[in-house]
Amino acid sequence: MEFDDDLPIYSIGVASKILKVHPRTLRIYEAEGLILPPRRGGKRLYSKNDLVRIECLRKLIHEENLSIPGIKKLLEFTPCWKLKECSPEKRKKCRELSGKKRKCWEFSQRTCEKSCQNCEVYLKEN
DNA sequence: ATTCTCACA
DNA sequence: TGTGAGTA
């Protein structure tokens with residue numbers, strides 16, 4: 001099943017082991033707002049897609065020589081409807097609802113190549 | 001046993 | 001980025 005990929009199931013310990021990165025690094029990514037792992041009982045839980053996103057971050061940092069602030073800049077200049085596969089109609093609603101509350105990329109979590117349905121999720125939540 | 005936050009010889 | 005302290 002594919003929708004399982006968004007289920008938060010990995011603890012930071014498991015995630016860091018799979019990704020072979022220091023847990024501290026993962027916490028830093030979150031503090032920088034590059035990844036938004038939901039928490040349960042104060043514990044971060046990463047989904048399969050989160051792991052993919054993190055792999056993307058590390059690829060950008062190491063292979064593309066981008067810094068954390070650099071990536072944040074990149075995201076700021078990349079509207080969410082370019083990151084995701086949003087229909088013009090959906091896009092319109094999205095902008096009406098989001099307004100100036102949050103920056104696009106703050107809720108447009110997605111992987112490098114695959115899109116997600118956060119748009120719909122966001123619409124439901126509001 | 002694990003994770004969390006904070007701070008740094 | 002990594003590591004240790006003190007908690008929860």
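We name chains A, B, ... by the order of the sequence lines, and we start the count at 1 in each one.
- One atom, CZ of A:R40, and another, P of B:dC4, lie 13 Å apart when rounded to the nearest Å.
- Of all the residues in residues 12-30 of chain A, A:H22, A:R24, A:T25, A:I28, A:Y29 reach under 4.0 Å from DNA chain C with at least one non-hydrogen atom.
- In terms of heavy atoms, A:L34 sits closest to A:I71 at CD2-CG2, 3.9 Å.
- Comparing A:K43 and A:R58 by the nucleotide of DNA chain C that holds the closest heavy atom to each, the one mapping nearer the 5' end is A:R58.
- If you take OH on A:Y29 and CD1 on A:I54, they are separated by 8.0 Å, rounding to the nearest 0.5 Å.
- Of all the heavy atoms in A:D50 and A:P37, the pair that sits closest is OD2-CA, 4.5 Å.
- One finds the CZ atom of A:R53 at 5.0 Å from the CD1 atom of A:I35 (value rounded to the nearest 0.5 Å).
- Remark: A:T25 OG1 to A:K20 NZ distance equals 13.5 Å, nearest 0.5 Å.
- When the side-chain nitrogen and oxygen atoms of A:R44 are compared with OP1 and OP2 of B:dT3, none of them lie within a distance under 4.0 Å.
- In this structure, the side chains of A:Y10 and A:K48 come closer than 4.5 Å at one or more pairs of heavy atoms.
- Taken together through direct or relayed side-chain contacts under 4.5 Å among Ile, Leu, Val, Met, Phe, Trp and Tyr, A:I28 and A:L26 form parts of separate hydrophobic clusters.
- For A:S11, a side-chain nitrogen or oxygen approaches OP1 or OP2 of B:dT3 to under 4.0 Å.
- Stem list for DNA chain C (at least 3 consecutive Watson-Crick or G-U pairs, distances under 3.5 Å): B:4-8 with C:2-6.
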